Amino acid sequence: MILYNSLGQTKQEFVPHTPGKVNMYTCGPTVYHYAHIGNLRTYIMEDVLEKYLRFAGFDVNRVMNITDVGHLSSDADTGEDKMLKGAKREHKTVMEIAQFYTDAFFADCEKLNIKRPDVVEPATNCIDEFIDMVSVLLEKGYAYLAGGNVYFDTSKLSTYYVFGNMNEDDLAVGVRDSVEEDENKRNKTDFVLWFTKSKFEDQELKWESPWGLGYPGWHIECSCISKKHNGEYLDIHCGGIDNAFPHHTNEIAQSEAYLGHPWCKYWFHVLHLNDARGKMSKSKGDFLTVSLLESKGYDPVAYRFFCLQSHYRKPLTFSYESLDNCVKAYNKLRKRTAALGKDGDIEQDKADALLAKFKEAMDNDLNTSLGVTVIYDVLKADANDATKRYVLGELDKVLSLNLLEEQDAAPQAANPQDAEVEALIAQRTEARKNKDWATADAIRDKLAAMKVVVVDTKDGISWHYAE
Ligand code: AMP
Ligand code: ZN
């Protein structure tokens, strides 16, 4: 398989450290708010990568952290702790917030057919490991104490900017977010490994350490959690492109300083989901979630289809108009795939040729949009339904688009409830036109109770029954 590697910035043959075995790591969510559909674009593409590696025959161990401590508002270790911000907003404790949004994250993942990683580890479970790694970095002379905090000394490295391709905005992260620079740092790029003195003295979660009562920096958690569950050699590390600097750059600095050898071979970065205002981000407050899409009648898997239609290394712009187009295409596609018969023997040669086409697309830097077109090739192929069904089943192990799931479309036509549904939808449209939101909402709830999903498209309203 050929993959683009941010380390080296070239497409490279994917060759794991141990033949046949892949140690994979994913930066997990910071659980102070719902994940937005931009975060979930990254997790969808990582899910496809993981499933494709398994499809290609690798034995994958995928590890994900949950950031429930240490991620400050600015990636440059300043500002308020994000978790504390969430707790204050909702008048709850940090751990209550962490539990609630971790559950919400995995509920969203399930709706998007994103598999749960083999290992999921909250940062607050690993305090001893963090303290151990920071102690070794101090012993080896890669870290120093200043103003009560422990810092990583980036001047000790021969190369710090390992990804090389950072633009000015990325490099300006230290002065972003209108927070002043930390005077304790010897070098501008140094970063905090352990805090005991933050400007935010009301930090809720603190632990004893050799350097005083405090809490870990954000970057150290991924290095430690990866080492704990994937050992000293990581094959592939994933995340959104905003994580490349400073987060992943710092992970590499401290992991390699600690281990004394190269750590992770391949770095997989997913480009951002943007909306009309630019990058979708939690800090902007007003962002799109899976629940919001559902409340508007969208099947979350249609959003997955939307993401698969574009390459992970290209920015993707979200608009309801383009999502609506995807919904139409997706519904049509599923009607055709689910209607395939089951009889007959699989024609293995024909199946293999179609599977080879899929492999060819995905082997070329995970070209999912080309991979999706193979579904159409399968439908058009000169092969019996059993063969098509078999191939689509294989493809769906990676794409996870519910291609073969029974459709409600056929029974829908004969359902005596349909007329009532149509009437309710007409009433809802009328109520919305009159800005009578209370009535519109009441009808929406009634339709939801009848398991009806209403989709607003630019050509009007369409609806179907939820599974
Ligand atoms: P966070 O919960 O903020 O730590 O982010 C979780 C993941 O989502 C990280 O891998 C981020 O790089 C990624 N991410 C953040 N914003 C976006 C976006 N607009 N589009 C795609 N991925 C994003
Ligand atoms: Zn991370």
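Counting convention: from 1, in listed order, for ligands and their atoms alike. Just so it is clear, the model here is predicted, and its values are computed rather than measured.
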Asn5 versus Lys265, side-chain donor and acceptor atoms under 3.5 Å: no
When you measure from atom 21 (C) of ligand 1 to every protein heavy atom, which one gives the shortest distance, and what is it? Gly38 O, 2.9 Å
Do Lys85 and Asp81 have side chains that get closer than 4.5 Å, going by heavy atoms? no
Name the closest protein heavy atom to atom 17 (C) of ligand 1, giving the residue it belongs to and the distance to 0.1 Å. His272 CD2, 3.6 Å
Within ligand 1, which atoms have a heavy atom of Gly239 less than 4.0 Å away? 10 (O)
If you scan protein heavy atoms around atom 10 (O) of ligand 1, the nearest is Gly240 N, 2.9 Å
Which heavy atom of the protein is the closest neighbour of atom 19 (N) of ligand 1, given with residue, atom name and distance? Met280 O, 2.9 Å
If only side-chain N and O atoms count, and only distance matters, is there a donor-acceptor pair under 3.5 Å linking Thr289 with His36? no
Do Lys227 and Tyr233 meet the cation-pi criteria used here (NZ or CZ under 6.0 Å from the six-membered ring centre, within 45° of the axis)? no
Under a 4.0 angstrom heavy-atom cut-off, which atoms of ligand 1 come close to Pro29? 2 (O)
Are more than 12 heavy atoms from other residues, nucleotides or ligands located less than 6.0 Å from atom CD of Glu13? yes
Atoms of ligand 1, numbered as shown, that sit under 4.0 Å from any heavy atom of Asn243: 9 (C), 10 (O), 11 (C), 12 (O)
Do Lys279 and Asp242 sit within salt-bridge range, that is, some charged N less than 4.0 Å from a carboxylate O? yes
Ring-ring centroid check Tyr312 Phe268, cutoff 6.0 Å: yes
Look at atom CD of Glu110 and say whether more than 12 heavy atoms of other residues, nucleotides or ligands are closer to it than 6.0 Å. no
Report the angle formed at the Zn ion (ligand 2) by atom SG of Cys27 and atom NE2 of His247, rounding to the nearest 10°. 120°
Is the NZ or CZ atom of Lys92 positioned over Phe100's six-membered ring, under 6.0 angstrom from the centre and within 45° of the axis? yes
How far is atom 22 (N) of ligand 1 from its nearest protein heavy atom, and which residue and atom is that? Thr42 OG1, 2.7 Å
In this structure, does ligand 1 have an atom that sits under 4.0 Å from one of the heavy atoms of Lys279? yes
Identity and distance of the protein heavy atom lying nearest atom 6 (C) of ligand 1: Tyr43 OH, 3.2 Å
Heavy-atom gap Asp242 to ligand 1 smaller than 4.0 Å: yes
Contact flag Cys222/the Zn ion (ligand 2), N/O/S atoms, threshold under 2.8 Å: yes
Test: Arg186 cationic atom under 6.0 Å from Tyr144 six-membered ring centre, within 45° of axis: yes
Protein heavy-atom partner closest to atom 20 (N) of ligand 1 - residue, atom, separation in Å: Leu273 N, 2.8 Å
Which is closest to atom 13 (C) of ligand 1 by heavy-atom distance: Asn39, Asn65, Thr30? Asn39
